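Below is one structure, written out as structure tokens; the observations come after it.
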Amino acid sequence: MGEAGLLMAATRPVLAGSRRAAGRLIRFRKPAGPSAAAAFVEDPDAELVARMGQGDEAAFRLLIDRKLPRLHALAQRLLGGAGEADDVAQEALLRAWRQAPRWQPGAARFDTWLHRVALNLCTDIQRKRREVVMAEPPDRADPAPLADQAMQSEETARRVRQALARLPPRQREAIVLQTYQDLSNVEIAAVLEISVEALESLLSRGRRMLRDLLAGG
């Protein structure tokens with residue numbers, strides 16, 4: 001089975017489950033600051049990646065089961081559309097398969113590199129959106145009547161999405177990675193290629209602006 005067929009077959013059921021639950025290939029560069037001097041990094045994905053590097057398709061399927069829902073959630077939070085999130089998650093995993101034979105363990109976690117790939121793919125899509133005038137309006141929410149509680153929940157979610165979309169890109173990325181991806185500050189700093197201190201400043205500014213946006217309606 002070709003790599004594209006393998007990816008499609010393995011991701012289809014996981015993507016379906018991800019929607020029900022929540023609806024640039026780069027080389028890793030160490031973040032600036034004191035954390036850049038860290039020694040060997042233990043990686044829970046190291047065994048799977050090593051097996052993938054030897055062409056083990058079963059290991060790739062296991063990695064997909066482990067990573068696809070979180071990559072899809074990240075892309076959907078940043079892009080707002082399930083279709084584009086599908087593309088980002090699948091492309092990031094396809095690049096993971098291609099990168100595996102060349103991966104050098106120890107400098108960083110594979111998950112950190114994978115998040116960075118997904119983030120770059122999202123950035124590329126956002127850049128193209130600014131360059132191309134859309135021929136059709138974006139999809140609208142289902143207008144079917146909802147219960148009051150569901151409507152309030154949807155309204156809150158809508159306001160959060162809109163507020164996140166108005167943040168500067170780096171602030172939005174930092175907040176999404178911390179709030180929804182369950183990454184530590186050290187891992188987020190590595191994904192964004194900044195120091196932990198710079199990340200903390202970014203998060204502080206982003207949270208403050210997010211609060212102001214939500215308070216202002």
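Heavy-atom basis, side chains included; hydrogens, waters and symmetry copies ignored. Small disclaimer: the values here were computed from a predicted structure and weren't measured.
The backbone N or O of Val191 sits less than 3.5 Å from a side-chain atom of Arg116, completing a donor-acceptor pair. Of the possible donor and acceptor atoms, none in the side chain of Asp45 sits under 3.5 Å from a partner among the backbone N and O of Leu48. Without hydrogens or angle criteria, Glu187 side chain to Ser184 main chain gives a donor-acceptor distance under 3.5 Å. With Arg109 contributing its side chain and Pro105 its backbone, the two residues share no donor-acceptor pair below 3.5 Å. In this structure, Gln126 contributes its side chain and Leu78 its backbone to a donor-acceptor pair below 3.5 Å.
Judged by distance alone, the side chains of Arg166 and Gln162 never bring a donor and an acceptor atom under 3.5 Å apart. Under 3.5 Å, the side chains of Arg127 and Thr123 contain no donor-acceptor pair of N or O atoms.
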Intermediate values then yes/no, side-chain contact (heavy atoms from CB on, under 4.5 Å), Arg208 and Asp212:
CA-CA 6 Å; Arg208 184 166 56 251; Asp212 291 344; 4.2 Å; yes
From CA spacing to verdict: side-chain contact (heavy atoms from CB on, under 4.5 Å), His72, Arg77
CA-CA 9 Å; His72 188 269; Arg77 290 282 180 185; over 6 Å; no
side-chain contact (heavy atoms from CB on, under 4.5 Å) evaluation trace for Leu167 with Leu213:
CA-CA 9 Å; Leu167 293 179; Leu213 290 168; 4.1 Å; yes
Which is it for Arg161 and Gln76 under the side-chain hydrogen bond (donor to acceptor under 3.5 Å, both in side chains) test, yes or no, and what are the steps along the way?
CA-CA 10 Å; Arg161 287 196 302 269; Gln76 190 157 9; over 6 Å; no
Output, in order, the C-alpha distance, side-chain angles, deciding distance and verdict of side-chain contact (heavy atoms from CB on, under 4.5 Å) for Glu200 and Asn185.
CA-CA 8 Å; Glu200 291 171 349; Asn185 282 5; 4.0 Å; yes
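Ala174 and Leu199 make their closest contact through CB-CD1, 3.8 Å (heavy atoms, listed as atom of the first residue, atom of the second, distance). Residues Arg66 and Pro44 come closest through the heavy atom pair NH1-O, 3.5 Å. Here the closest heavy-atom approach between residue Arg170 and residue Ile194 is recorded as NH2-CG2, 3.4 Å. Contact detail for Ala165 and Arg172: the closest heavy-atom pair is O-NH1, 3.4 Å. For Leu79 against Cys122, the heavy-atom pair with the smallest separation is CD2-O, 3.7 Å. Between Ala92 and Leu121, the shortest heavy-atom distance links the atoms N-CD1, 3.8 Å.
Looking at Glu47 and Met52, their side chains never come closer than 4.5 Å, going by heavy atoms from C-beta outward. Leu62 has its side chain within reach of Arg51: a pair of non-hydrogen atoms, C-beta onward, lies under 4.5 Å apart. In this structure, the side chains of Leu183 and Arg70 come closer than 4.5 Å at one or more pairs of heavy atoms. With a 4.5 Å cut-off on side-chain heavy atoms, Leu192 and Leu202 count as touching. At a threshold of 4.5 Å between non-hydrogen side-chain atoms, the residues Tyr180 and Ile175 do not count as touching. No side-chain heavy atom of Asp43 sits less than 4.5 Å from a side-chain heavy atom of Thr112.
Residues satisfying the side chain to side chain donor-acceptor pair (under 3.5 Å) test with Gln181, not counting sequence neighbours, are His115.
For the side-chain contact (heavy atoms from CB on, under 4.5 Å) with Arg207, the qualifying choice from Arg205, Met209, Arg211 is Arg211, the only one to do so.
The pair Asp111-Lys67 counts as a salt bridge, with a side-chain nitrogen and a carboxylate oxygen less than 4.0 angstrom apart.
In this structure, CG on Asn120 lies 12.0 Å from CD on Glu91, to the nearest 0.5 angstrom. Annotation: the span from Leu214 atom CG to Arg159 atom CZ amounts to 5.5 Å, rounded to 0.5 Å.
Taking the six-membered ring for Trp and thresholds of 30 and 60 degrees, Trp97 and Phe60 have ring planes inclined between 30 and 60 degrees apart.
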